[in-house]
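Read through the structure below, which is laid out as structure tokens, and then see the notes.
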Number of protein chains: 2
Amino acid sequence: MVVDELTDVEVDRLFQAFADTTRRDILVRALVSDYSVSGLAAHYAMSFAAVQKHVAVLERANLVTKEKRGREQIVRVHLDALRRARRLLEEYEAIWRQRVDRISDILAEEEGASPT
Amino acid sequence: MVVDELTDVEVDRLFQAFADTTRRDILVRALVSDYSVSGLAAHYAMSFAAVQKHVAVLERANLVTKEKRGREQIVRVHLDALRRARRLLEEYEAIWRQRVDRISDILAEEEGASPT
DNA sequence: CTCATCTACAACCATGTGGTTGTACGTTAG
DNA sequence: CTAACGTACAACCACATGGTTGTAGATGAG
């Protein structure tokens, strides 16, 4: 199972980062092409500082890193974290599938053992 | 693209629900087998009411529904929400892949147009 | 019936979150 | 050099979150 080498707190931060529309939007923009923090901020009806904070949350979740380019700070997505989160959810679905299999096995056995 | 028929707020709640270790644990237990709220609460070093609240958060995210069985309330996982969340993350990864493809296309064209 | 169990919910508290404004500092354009 | 730009960060505010205790209502066991 292994649930990835992430600690609970790291996973908390990861999903926390996804749990805001603005942050998901920032993420998509940064996925599509390169953006500076102020380049991102231009798209939202909130202060630069607010966007800066959102980027910081994405950073803390290791979803994003900033790279200095002249006086700008380019936001780049770190794909690994995205994959990890996705795999976690896949594992949950796998657990469900195992349960379903287990139950149908039991039903199959019971039918074999005591057929009505 | 469609990003699923979920509203932003619903997606917020979905990821918010995942953003807590206790809730993820509850989810796994409920995925593995049937649990009442108090059955779940027995496993955690916190009050029954706290666990009740966590279940409520999972409910609000549509990850879980409660089903009355006698005096107990059985927590069942609603798999759809799990799948939706996973698909969202997959879409983000797809966006990234498209970008990579686009860039390598451009590089290929440039090489074809003006080979050094 | 009576009592223990399971649940629901309100009130409260500390801390976190998402937003603001203001100030300061490095960097680039003119 | 100077002005404008991009960033960083602190202080503040309203509200959400994760926890607590306490009270009360259904339901099942004996």
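Just so we're clear, the structure is a prediction, and the values are computed from it rather than from any experiment. Letters go in sequence order (proteins before strands), and every chain restarts at 1.
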Show your working on side chain to side chain contact (heavy atoms under 4.5 Å, CB included) between B:R99 and A:D34 and close with a plain yes or no.
CA-CA 11 Å; B:R99 176 185 183 173; A:D34 284 355; 2.6 Å; yes

Can you tell me how far [atom2] of [N] sits from [atom1] of [X], to the nearest Å?
X	N	atom1	atom2	answer
B:R13	D:dA16	CZ	C1'	13 Å
A:L40	D:dT7	CG	C1'	13 Å
A:K66	D:dT7	NZ	C1'	8 Å
B:Q52	C:dT5	CD	C1'	13 Å

Return yes if some donor-acceptor pair links the side-chain N/O of [X] with the main-chain N/O of [Y] below 3.5 Å, else return no.
X	Y	result
B:E72	B:R69	no
B:R23	B:Q16	yes
A:R84	A:L14	no

Expected rows: protein N/O vs nucleotides 17-23 of chain D N/O, under 3.5 Å:
{"from": "D:dG18", "atom 1": "OP1", "to": "B:R23", "atom 2": "NH2", "distance (Å)": "3.1"}
{"from": "D:dG18", "atom 1": "OP2", "to": "B:R23", "atom 2": "NH1", "distance (Å)": "3.1"}
{"from": "D:dG19", "atom 1": "OP2", "to": "B:H54", "atom 2": "NE2", "distance (Å)": "2.1"}
{"from": "D:dG19", "atom 1": "N7", "to": "B:K53", "atom 2": "NZ", "distance (Å)": "3.0"}
{"from": "D:dG19", "atom 1": "O6", "to": "B:K53", "atom 2": "NZ", "distance (Å)": "2.1"}
{"from": "D:dT20", "atom 1": "OP1", "to": "B:S47", "atom 2": "N", "distance (Å)": "3.4"}
{"from": "D:dT20", "atom 1": "OP2", "to": "B:S47", "atom 2": "N", "distance (Å)": "2.9"}
{"from": "D:dT20", "atom 1": "OP2", "to": "B:S47", "atom 2": "OG", "distance (Å)": "2.6"}

Every protein N/O lying under 3.5 Å from an N/O of nucleotides 27-30 of chain D:
none

Between A:R86 and A:E90 (salt bridge meaning N to carboxylate O under 4.0 Å), is one present in this structure?
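Here A:R86 pairs with A:E90 in a salt bridge, since their nearest N and O are under 4.0 Å apart.
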
Using a strict cut-off of less than 4.0 Å between a Lys/Arg side-chain nitrogen and an Asp/Glu carboxylate oxygen, indicate whether A:R29 and A:D25 qualify as a salt bridge.
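Yes, this pair counts.
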
Kindly assign one of parallel, tilted or perpendicular to the pair B:F18 and A:Y92, based on the angle between their ring planes and the thresholds 30° and 60°.
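If you compare the ring of B:F18 with that of A:Y92, the planes turn out parallel.
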
Within less than 4.0 Å of OP1 or OP2 of D:dC5, is there a side-chain N or O belonging to A:S38?
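It does not, given that no N or O in the side chain of A:S38 lies less than 4.0 Å from OP1 or OP2 of D:dC5.
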
Value rounded to 0.5 Å, distance of CZ in A:R87 from CG in A:L6:
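Those atoms lie 9.5 Å apart.
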
